[in-house]
Amino acid sequence: MNPKRPVLFFLLAALPLLVPVPVAFGQPMPGGMGKKEEPKNTPKQGFAVAPNEITEFVLDPKSKRNQVVFLSKAPKETIKGTTRTVAGQLKGNLYSLMDIAGTFEVAWKDLDTGDKTRNEHMMAAPWVDAASHPKIVFTLTSIEPDGKQSKRGKIIKGTLLGKMAMNGREREMSIPATLAYLPAKKSKSGKKTAARVSIKAKFDVDLAGFDIGRDRVGEKVAKTQKITVSLVMRPAKKEESKTADSGKKKSKKKKKKADSEA
């Protein structure tokens, strides 16, 4: 028998004892060596700093940043209309962006082009029928994030999905937007500041899709209007959280009561 064989056999038998157990059995070693599967975490879709619950916000009328602007660049004329008078509500879970709903309204009479006569022409046929359809309304049905989240969880970019209604027409709209959430805070003096949501968006509106202007669009009024929106919202109070329908019912009840007392 070869005297070297017992030595070789001893070394082979002792090899698993010399090598760390995880490597001996093909398992990853502690400390990062070897293959290790990372846990799959589902990224947050909404604001990481927002409460994980259904909340409701309304337009803050005191904010100077509220503004809606339309810009018409035609070959013969450039028209700019502006308003700071906007109404709106936003409801849903801003942490997960679930159950999102909202409405935003601008009255035609509040849009100022800098010329009184032009304003009157804009609200009359064949442009818009403001007498029959006095408001521009965007109904928000969901927010689709682009997947990129800010490090502090306060800003998201995505698309506002919903329907735009004006001049008696309604169209599906996908509006690219940037949204920011500022959590409620308390100053050193003890003064509380409510949470805020801001929305900024830029998008185009095709007048033909809403039957505006018809054959007069082109030379002095652009076929496509460029819209810029900036809005700031605050938490809704109890009396502001009621839907438009409930508000109408309440008004009717008050009217009936007033008539009975008269």
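None of these values were measured; they are calculated from a predicted model. Worth knowing before you read on, the calculation uses all heavy atoms, side chains too, and leaves out hydrogens, waters and symmetry mates. Note that the numbering runs from 1 along the sequence shown for the chain.
- Ion pairing of Asp206 with Lys223 is absent here, as no side-chain N (NZ or NE/NH1/NH2) approaches a carboxylate O to less than 4.0 Å.
- Going from atom NZ of Lys185 over to atom CZ of Arg196 covers 10.5 Å, rounded to the nearest 0.5 Å.
- Ser230 places no side-chain N or O within donor-acceptor distance of the main-chain N or O of Asn66, the cut-off being under 3.5 Å.
- Rounding to the nearest 0.5 Å places CZ of Arg84 at 13.0 Å from CG of Asp110.
- Asn93 pairs in a side-chain hydrogen bond (donor to acceptor under 3.5 Å, both in side chains) with only one of the listed residues (Asp99, Thr55, Asn52), which is Asn52.
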Side-chain donor-acceptor distances from residues 162-174 under 3.5 Å, at least two apart:
unit_1 : atom_1 : unit_2 : atom_2 : d
Asn167 : OD1    : Asp129 : N      : 2.9
Asn167 : ND2    : Phe210 : O      : 3.0
Asn167 : ND2    : Asp211 : O      : 3.0
Arg169 : NH2    : Asp211 : OD2    : 3.0
Arg171 : NE     : Gly209 : O      : 3.0
Arg171 : NH2    : Gly209 : O      : 2.9

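- Within a 6.0 Å radius of CZ in Arg216, no more than 12 heavy atoms belonging to other residues, nucleotides or ligands are found.
- To the nearest 0.5 Å, the span separating CD on Glu56 from NZ on Lys238 amounts to 13.5 Å.
- Under the 3.5 Å distance criterion, with hydrogens and angles disregarded, no donor-acceptor pair is assigned to the side chains of Asp112 and Thr82.
- Side-chain contact between Trp127 and Val221 is present, with at least one heavy-atom pair separated by less than 4.5 Å.
- Side-chain atoms of Val205 and Thr224, non-hydrogen and from C-beta on, never get closer than 4.5 Å to each other.
- Between Val106 and Val137, every side-chain heavy-atom pair lies at or beyond the 4.5 Å cut-off.
- Looking at Glu77, its side chain never comes within 3.5 Å of a backbone N or O of Ala74 through a donor-acceptor pair.
- Between the CG atom of Leu90 and the CZ atom of Phe104 there is a distance of 5.0 Å, given to the nearest 0.5 Å.
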